[in-house]
Amino acid sequence: MGKLRQGKEEGFPAAAQRQGSADVPVPWAPRQALTSPLVSPAQCWEVRKRNSSEWCRFVQTNPDCQLEGGFLDYLNGIFCVFPARLLPLAVTLYACWLLYLFIILGVTAEKFFCPNLSAISTNLKLSHNVAGVTFLAFGNGAPDVFSAVVAFSDPRTAGLAIGAVFGAGVFVTTVVAGGIALVKPFTAASRPFLRDVIFYMVAVFLTFMVLYFGRITLGEALGYLGLYIFYVFTVVLCTWIHRRQRGDGLAPPGPWEPELLTDTEDRESLGTSSGDYGEEYRPLLPYQETSLHILAAALSPVDYRKWRRKPCYWRLFKVLKVPVELLLLLTVPVVDPDKEDLNWKRPLNCLHVVTSPLLCILTLKSGAYGLYQIQGVFPVWALVVLVGAVAAVLVFSTTSNEEPPKYHCVFAFLGFLASAMWINAAATELVNILRTLGIIFQLSNTVLGLTLLAWGNSIGDTFSDLTMARQGYPRMAFSACFGGIIFNILVGVGLGCLLQMTGGQMVVKLEPDSLLVWILAGALGLSLVFSFVAVPAQCFQLGKAYGVCLLLYYLAFLCVALLTEFRVIRLAAP
């Protein structure tokens, strides 16, 4: 678990070449022969070297082709369901599904996971500093962290986690940071920048040492999490010192905190815009909505007032998101502290009492626990539905449509758990489909992680940071590039490896077997060193020259990584 086996990674023909047997594929053998100590098991990427008539039998009998977790068997689907001549069609469908999984991750994190985390931090009365570097960082980095945890759970996909964590770091600290400097030259905040870069360099150095020694122990995994706690403490302490120096009681917004930007059209949809656009839809006489009407309105994922004012491309993208948003609305409660009623929807929230626990039990271990039958007769999912229905009736009978109950904060925790299960399920499918694509195209998991997985998980941060810069907040966007991803690497690697440790196995092996891993780690470290030296050298005045240098650096890194993957660049044989 969590192990990049030397010369064993699927989709890595280069590893086999280093063993001197790349041109001699292992003959197909039944399961008994494959598990025999006298025969080395064939790697799953070798399926493309076989005759197309043997593809299905190969993936069904080879233990290395068995996907861990997930609801769909992508390898069996592409090699057994689709004929060989329709392989391009199958790959196209898989690519579309991959893009849709990224949409699921983005929608779940943005509209359900983050709001509930905000409500939890508000209910716990946490300061903005602590909430920003804990709950907000968790919300923004949820797709990355869940993807890393899922990838570390299987030695065959651990390369995805390494590639994604390092690849996203290189992408954000070069492309996104450089794009901000190009969009709007600015003066960077000196102390937050130096603090975040130093912590990030320490995290990268620790990961480099872990890869060098090829293992991570329990103490080292806890050290990752401890370093993040120390980072949180440092952020809070620095903010307190800065506030004391200012001599007032107001804390400045930290680089981890989002600026309170208000979307004009969102205000219009709520009837609170400056032009009082909502008056047109306000009833002349007060009335009480029925529970059925509240339920129908709460389950509508489309705001028709906004729909009429949006361009065609926005409508098309919205149509793609509607099925996901409808399922999420049905299963994930959202508590919004910014609304007067805290987003209390009595009939829908009562429905959530049934659907949210049912979702959790059916997504945990791909439904294995939910389908388990008690005494071989009564399924667990039916018991969950029965208990949830009783609780829903009690909630409905003791509350009203107009005012949320005192225990409404419980729905924030329930929504947090349900949205986390959604993200975990989508991340599991994402990792499995990336591994399948790696086997089809004979690409290593590392290169898939640093490209597709890193780009997909970073695209949301890219758009939000560049938009923030264009709207006049480049310092905040630039600080988020370095402060936000500290959470991803420390918690992603630390928690991912910690969860894989059992009572008898307190060491996770991380043995990189390719030059690409070292190039990736070195590129991230070099980009941080470059910014650490270049930004103070410019007196923190960042302009287009700095942005162009970062973009050129990323292009050079990407070229070197791809040339290494295709063995144009390789180490000379000893």
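Since the model is a prediction, treat every value here as computed from it, not as a measurement. Quick note: residue numbers are just sequence positions, from 1.
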Which heavy-atom pair separates [X] from [Y] by the least distance, and what is that distance?
{"X": "Ala454", "Y": "Gly167", "answer": "CB-C, 3.7 Å"}
{"X": "Cys350", "Y": "Ala392", "answer": "O-CB, 3.2 Å"}
{"X": "Leu342", "Y": "Pro404", "answer": "CD1-CG, 4.4 Å"}
{"X": "Val107", "Y": "Lys321", "answer": "CG2-CD, 3.5 Å"}
{"X": "Ala418", "Y": "Cys360", "answer": "CA-SG, 4.1 Å"}
{"X": "Tyr224", "Y": "Gly494", "answer": "CB-CA, 3.7 Å"}

Under the 3.5 angstrom rule, does the side chain of [X] hit a backbone N or O of [Y] as a donor-acceptor pair?
{"X": "Asn401", "Y": "Lys345", "answer": "no"}
{"X": "Arg315", "Y": "Trp307", "answer": "yes"}
{"X": "Thr355", "Y": "Leu330", "answer": "yes"}
{"X": "Ser397", "Y": "Leu394", "answer": "yes"}
{"X": "Gln500", "Y": "Cys497", "answer": "no"}
{"X": "Arg346", "Y": "Phe396", "answer": "yes"}

Taking C-beta and beyond as the side chain, do [X] and [Y] meet within less than 4.5 Å on heavy atoms?
{"X": "Ile423", "Y": "Leu105", "result": "yes"}
{"X": "Leu329", "Y": "Pro301", "result": "yes"}
{"X": "Phe166", "Y": "Thr207", "result": "yes"}
{"X": "Thr290", "Y": "Ile294", "result": "no"}
{"X": "Tyr200", "Y": "Leu524", "result": "yes"}
{"X": "His293", "Y": "Leu295", "result": "no"}
{"X": "Lys111", "Y": "Val334", "result": "no"}
{"X": "Val335", "Y": "Phe416", "result": "no"}

Taking atom [atom1] of [X] as the centre, does the number of heavy atoms from other residues, nucleotides or ligands within less than 6.0 Å exceed 12?
{"X": "Phe233", "atom1": "CZ", "answer": "no"}
{"X": "Phe205", "atom1": "CZ", "answer": "no"}
{"X": "Tyr407", "atom1": "OH", "answer": "yes"}

key: Test side-chain contact (heavy atoms from CB on, under 4.5 Å) applied to Met501 and Val508, step by step   = CA-CA 7 Å; Met501 296 180 182; Val508 175; 3.9 Å; yes
ask   = Side-chain donor-acceptor pair under 3.5 Å between Thr399 and Trp344, yes or no?
value = no
ask   = Is the closest side-chain donor-acceptor distance between Asn424 and Thr363 under 3.5 Å?
value = no
request  = Take Trp455 and Thr462 through the test side-chain hydrogen bond (donor to acceptor under 3.5 Å, both in side chains) and record every step on the way to the result.
outcome  = CA-CA 9 Å; Trp455 294 341; Thr462 303; over 6 Å; no
ask   = Hey, mind stepping through Ile486 and Asp196 against side-chain contact (heavy atoms from CB on, under 4.5 Å) and telling me if it holds?
value = CA-CA 8 Å; Ile486 294 176; Asp196 293 342; 4.1 Å; yes
Could you state the interatomic distance from [atom1] ([X]) to [atom2] ([Y]), rounded to the nearest 0.5 Å?
{"X": "Glu429", "Y": "Ile104", "atom1": "CD", "atom2": "CD1", "value": "9.0 Å"}
{"X": "Leu452", "Y": "Leu430", "atom1": "CG", "atom2": "CG", "value": "9.0 Å"}
{"X": "Leu414", "Y": "Ser419", "atom1": "CG", "atom2": "OG", "value": "9.5 Å"}
{"X": "Thr122", "Y": "Leu117", "atom1": "OG1", "atom2": "CG", "value": "10.5 Å"}
{"X": "Ile162", "Y": "Leu450", "atom1": "CD1", "atom2": "CG", "value": "12.0 Å"}
{"X": "Phe113", "Y": "Met421", "atom1": "CZ", "atom2": "CE", "value": "12.0 Å"}

query = In a check of side-chain contact (heavy atoms from CB on, under 4.5 Å) between His408 and each of Asn349, Asp341, Asn343, Asn123, which one passes?
reply = Asn349
task = Over 60° means perpendicular and under 30° means parallel, so classify the ring planes of Trp97 and Tyr100, tilted if in between.
result = parallel
ask   = Is the centre of the Phe487 ring less than 6.0 Å from the centre of the Tyr231 ring?
value = no
task = Look at Lys318 together with Glu325 and state whether they make a salt bridge at an N to O cut-off of under 4.0 Å.
result = yes
request  = Go through the steps to decide whether Val176 and Ser458 satisfy the test side-chain contact (heavy atoms from CB on, under 4.5 Å), and finish with yes or no.
outcome  = CA-CA 9 Å; Val176 181; Ser458 302; 5.9 Å; no
inquiry  = Determine whether Leu498 and Leu225 satisfy the following criterion, side-chain contact (heavy atoms from CB on, under 4.5 Å), listing intermediate values before the conclusion.
reply    = CA-CA 10 Å; Leu498 187 64; Leu225 302 178; 3.8 Å; yes
